[in-house]
Amino acid sequence: MIHSLVELIVLVCMREYKCCKTYNFTYLNPYQKIGQLYMISKHSCEQSGGGEGVEVVRNEPDIHPQHGPGQLTEKRIYLTSKLPSWIKAFVPRVFYVTEKAWNFYPYTITGEFSIRIETRFENNNGSNNNVFGDKPTPEGDVCFLDILTDPIPEKHYKESEDLSLWRSNKTNRGPLEKGWRKNHSPIMCSYKRVQCSFEVYGFQTRTEDFLHRIVKDILLVGHREAVAWVDEWHGLSLEAVREYEKTMQEKTNSKVKSNQNNSGEVASPDLHSN
């Protein structure tokens, strides 16, 4: 049934997200990379359990012909309970998508579901209108995300991660105030070009809105955490954070698999992109 539907129409949409943080990736290099690794590992573990979440399948060094040495990761993201009811009707009881990510910092490529995410980090407040160097993203498709004021799902709110209350003892930064992006120093911006291509019939607008809402929530929560947790990862060596990453991956995988033996059918359509 799914295969007969997905052949009917292919819809491609693209948006660019700009999200600033309170440090500078050359000033703290490699600390921004360390902060990113720490945040992803801890966040994945916190959001996993009961048979759902993020299972790490592969995490190994890789060399890209254009971007040089980096890291390749492959993950399975189990998310049946997070799907809206109109999507659940088309998928098995236990459903995961595959994510492959190539991290050649400060440039990364991520393919998830049928989403391709390109990332660039620059030391500015989002002022570069052609950061990817090919052609500027149309103004109507550019979205600034503010880690201080933009709303996040209530279930993700924690007072300790509220940047209007947050204070970093190690870096002597915080709390943030409205309009912080205009004059905060140091500052960096994470530019995300998100391209969605999906094959559906009759659900184009719903699917696009759902995917971009999920992407925005993930970006906002993740970047808030990276800033709020700075005292946990600031000063760690790359070797130390890789060991932390390994430990958290084992813990996360265990939490994800805890209830899957009794969960029934598992399906993974070939939905990742390269």
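Reckoned from all heavy atoms, side chains included, excluding hydrogens, waters and symmetry mates. For reference, positions follow the sequence shown, starting with 1. Being a predicted model, the structure only gives us computed values, none of them experimental.
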Open item on the list: Does atom NZ (Lys42) have a neighbourhood of more than 12 heavy atoms from anything else shown, all under 6.0 Å?
Closed with: yes

Task: Closest non-hydrogen atom pair, Asn169 against Asp231 - done: N-OD2, 2.9 Å

TODO: Please answer whether the main-chain N or O of Thr22 pairs with a side-chain N or O of Arg173 as donor and acceptor at a distance below 3.5 Å.
DONE: yes

Task: Sidechain N-carboxylate O distance under 4.0 Å for Glu225, Lys158 - done: no

Open item on the list: I'd like to check Cys19 versus Leu219 (side-chain heavy atoms, cut-off strictly below 4.5 Å). Are they in contact?
Closed with: no

TODO: Using a 4.5 Å cut-off on heavy atoms from C-beta on, say whether the side chain of Trp166 contacts that of Glu161.
DONE: no

Open item on the list: Using a 3.5 Å distance criterion without hydrogens, assess whether the side chain of Thr252 forms a donor-acceptor pair with backbone atoms of Met248.
Closed with: yes

Open item on the list: Under a 3.5 Å cutoff, is there a donor and acceptor pairing between the side chains of Tyr191 and Asn128?
Closed with: no

- [ ] Indicate, with yes or no, if Leu145 and Ile152 share a hydrophobic cluster defined by side-chain heavy-atom contacts under 4.5 Å among Ile, Leu, Val, Met, Phe, Trp and Tyr.
- [x] yes

Open item on the list: I'd like to know whether NZ of Lys170 has more than 12 heavy-atom contacts from other residues, nucleotides or ligands below 6.0 angstrom.
Closed with: yes

Task: Check: Ala226 main-chain N/O paired with Trp233 side-chain donor or acceptor under 3.5 Å - done: yes

Task: Note, Phe121 side chain near Lys21 side chain (heavy atom, < 4.5 Å) - done: yes

TODO: Indicate whether the side chain of Thr73 and that of Asn59 have a donor and an acceptor atom separated by less than 3.5 Å.
DONE: no

TODO: Kindly say whether Asn125 contributes a backbone atom to a donor-acceptor pair with the side chain of Arg181 at under 3.5 angstrom?
DONE: yes

Open item on the list: Give me the atom names and distance for the closest heavy-atom approach of Asp162 to Arg224.
Closed with: CA-NH2, 3.9 Å

- [ ] Calculate, to the nearest 0.5 Å, the distance between atoms OG and CZ belonging to Ser190 and Arg120 respectively.
- [x] 12.0 Å

- [ ] Dump the intermediate steps for side-chain contact (heavy atoms from CB on, under 4.5 Å) on Leu148 and Ser164, then the final yes or no.
- [x] CA-CA 7 Å; Leu148 174 64; Ser164 67; 3.8 Å; yes

Task: Set of residues satisfying ring-ring contact (aromatic ring centres under 6.0 Å, His included) with respect to Tyr244, sequence neighbours excluded - done: Tyr38

Task: Heavy-atom side-chain contact between Val131 and Thr137 under 4.5 Å - done: no

- [ ] Find out if a path of hydrophobic residues (ILVMFWY) with successive side-chain heavy-atom gaps under 4.5 Å connects Leu238 to Leu236.
- [x] yes

- [ ] Might you work through the side-chain contact (heavy atoms from CB on, under 4.5 Å) test for Cys20 and Trp180, ending with a clear yes or no?
- [x] CA-CA 10 Å; Cys20 295; Trp180 67 276; 3.7 Å; yes

Open item on the list: Quick check against the 3.5 Å criterion: does Asp150 have a side-chain atom that pairs as donor or acceptor with the backbone of Asp146?
Closed with: yes

TODO: First locate atom CG of Asp62, then atom CZ of Arg58, and finally report the distance between them rounded to the nearest 0.5 Å.
DONE: 8.5 Å

- [ ] Identify the two heavy atoms, one from Leu220 and one from Pro151, that lie closest to each other, and give their separation to 0.1 Å.
- [x] CD1-O, 3.7 Å

Task: Atom pair CD/NZ of Glu46 and Lys251 - distance to nearest 0.5 Å - done: 9.0 Å

Open item on the list: How about CD on Glu159, more than 12 heavy atoms from neighbouring residues, nucleotides or ligands closer than 6.0 Å, or not?
Closed with: no

Open item on the list: Does either side chain, that of Lys18 or that of Asn124, offer a donor lying less than 3.5 Å from an acceptor on the other one?
Closed with: no

Task: Salt-bridge criterion met for Arg242 and Glu239 (N-O under 4.0 Å) - done: no

Open item on the list: What I want to find out is whether Asp134 reaches Arg193 closely enough, with some N-O distance under 4.0 Å, to be called a salt bridge.
Closed with: yes

Open item on the list: Counting C-beta onward and ignoring hydrogens, is there a side-chain heavy-atom pair between Cys143 and Glu16 closer than 4.5 Å?
Closed with: no

Would you tabulate the side-chain donor-acceptor contacts of residues 182-189 under 3.5 Å, counting partners in other chains and residues two or more places apart, or write 'none'?
residue, atom, partner, partner atom, Å
His184, ND1, Pro186, O, 2.9

